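Quick caveat, the model's predicted, so the values are computed rather than measured. So you know, we letter chains A, B, ... as the sequences are listed, proteins then strands, and number each from 1.
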There are 2 protein chains.
Amino acid sequence: MKSDSEKQLETRNIKPTAMRELVLKVLSEQTAAISLADLEQKFEKADKVTLYRTLKTFEENKLIHSIDDGTGSVKYALCKETCQCHPEDLHVHFLCTKCKQTYCLTDIPVPSINLPTHFTLENINMVVKGVCSNCPK
Amino acid sequence: MKSDSEKQLETRNIKPTAMRELVLKVLSEQTAAISLADLEQKFEKADKVTLYRTLKTFEENKLIHSIDDGTGSVKYALCKETCQCHPEDLHVHFLCTKCKQTYCLTDIPVPSINLPTHFTLENINMVVKGVCSNCPK
DNA sequence: AAGTTGATGCAACCGAGTTGCAAAGTTATT
DNA sequence: AATAACTTTGCAACTCGGTTGCATCAACTT
Ligand SMILES: [Mn+2]
Ligand SMILES: [Mn+2]
Ligand SMILES: [Zn+2]
Ligand SMILES: [Zn+2]
């Protein structure tokens with residue numbers, strides 16, 4: 001009998017190894033996006049490179065998306081089931097300058113932009129910085 | 001008699017050294033944003049650290065702004081005279097996936113976002129990826 | 001001229017990300 | 001069941017952009 005995470009991995013064509021299930025579990029427990037270093041610390045003993053490659057695999061298969069919030073370490077968060085990481089799937093991200101957490105504002109789609117003529121669009125990264133609702137003003 | 005670049009530096013409260021004038025000159029000649037490594041190559045013989053600190057000084061004094069386009073190297077471009085780098089001063093940036101140039105779309109202001117309640121806004125980074133008008137489709 | 005301040009140059013360091021390679025584990029073939 | 005082929009994992013070592021420490025040099029102040 002297959003676990004939920006097993007199925008979740010398989011629908012994204014990722015072979016469900018023990019390691020991958022564990023990483024997926026950690027990711028699904030997060031309320032904010034997580035860096036490779038953060039992820040490493042969630043495990044007693046796990047190799048950074050294996051986690052790194054696990055995240056790469058997850059990202060390539062659109063199970064997660066990466067967020068470059070300008071802090072110097074890339075964050076990762078689970079995609080929605082239906083997400084294909086196309087421009088229309090994208091949402092705004094928020095980096096709190098107080099608690100340094102990076103949140104997916106999944107309810108806020110990235111606004112569409114009228115590019116100059118003969119520019120084509122492939123992707124948009126929109127990161128808002130400020131103070132989040134959990135932090136004192 | 002003072003040069004233009006000298007005046008430009010002084011209005012931003014930057015002491016106009018020879019080095020700084022040269023860097024400002026290079027920056028003002030660019031049609032796209034430039035990285036530290038790029039800048040280094042524009043000079044026969046110049047220390048990376050000096051250029052680095054020059055850029056830092058320029059940025060702190062809002063003569064230039066930095067752009068984290070996700071390529072792993074930060075780019076820099078001149079601010080407009082009146083720019084204070086406040087959210088309302090900000091514009092969209094464009095990274096061409098073909099020619100790898102990063103452009104300031106100074107005509108396209110960053111759209112305003114309705115953040116969730118009790119979130120405050122300090123800054124926005126919006127980078128659009130795609131193919132620019134100079135590159136074949 | 002001597003003293004103070006800031007700018008510059010060189011070397012060395014840092015950390016996030018990445019690669020190479022061998023060992024371990026998995027799946028397919030005989 | 002044994003072998004072969006392929007994938008995943010773990011360790012070490014490396015890359016590269018950015019950064020710091022410190023000595024030297026230049027500019028300005030008294
Ligand atoms: Mn997200
Ligand atoms: Mn710009
Ligand atoms: Zn916060
Ligand atoms: Zn281009």
Once you round it to whole Å, what is the distance between P of dC25(D) and NZ of K15(B)? 18 Å
Table of protein N/O atoms under 3.5 Å from nucleotides 9-14 of chain D N/O atoms:
| unit_1 | atom_1 | unit_2 | atom_2 | d |
| --- | --- | --- | --- | --- |
| dT9(D) | OP1 | T17(A) | OG1 | 2.8 |
| dG10(D) | OP2 | T50(A) | OG1 | 3.1 |
| dG10(D) | O6 | R53(A) | NH2 | 2.4 |

If you compare every side-chain N and O of K56(B) against the phosphate oxygens of dT19(D) (OP1, OP2), does one of them come in below 4.0 Å? yes
Calculate the interatomic distance between E40(B) atom CD and dG18(D) atom P; express it in whole Å. 11 Å
Under 4.5 Å between any side-chain heavy atoms of V110(B) and M126(A), yes or no? yes
Over how many whole Å does the gap from F58(A) atom CZ to dT8(D) atom C1' extend? 13 Å
Y52(B) side chain N/O closer than 4.0 Å to the phosphate oxygens (OP1, OP2) of dT19(D)? yes
So H65(B) and D89(B), do their side chains get closer than 4.5 Å, heavy atoms only? no
Taking atom P of dA27(D) as reference, at what distance in whole Å does atom CD1 of I14(B) sit? 18 Å
L55(A) atom CG is separated from dT18(C) atom C1', nearest whole Å, by 14 Å
Hey, are E21(A) and K25(A) close enough for a salt bridge, meaning a charged N less than 4.0 Å from a carboxylate O? no
Distance in Å, I113(B) CD1 paired with L105(A) CG, rounded so as to fall on 0.5 Å steps: 8.5 Å
How many Å lie between CG on L9(A) and P on dT26(C), as a whole number? 15 Å
Taking C-beta and beyond as the side chain, do N114(B) and I108(A) meet within less than 4.5 Å on heavy atoms? no
Whole Å only: how far is the CD1 atom of I67(A) from the C1' atom of dG17(C)? 17 Å
Taking atom P of dG17(C) as reference, at what distance in whole Å does atom CD1 of I34(A) sit? 13 Å
Where do P111(B) and P111(A) come nearest, in terms of heavy atoms and distance? CG-CG, 3.6 Å
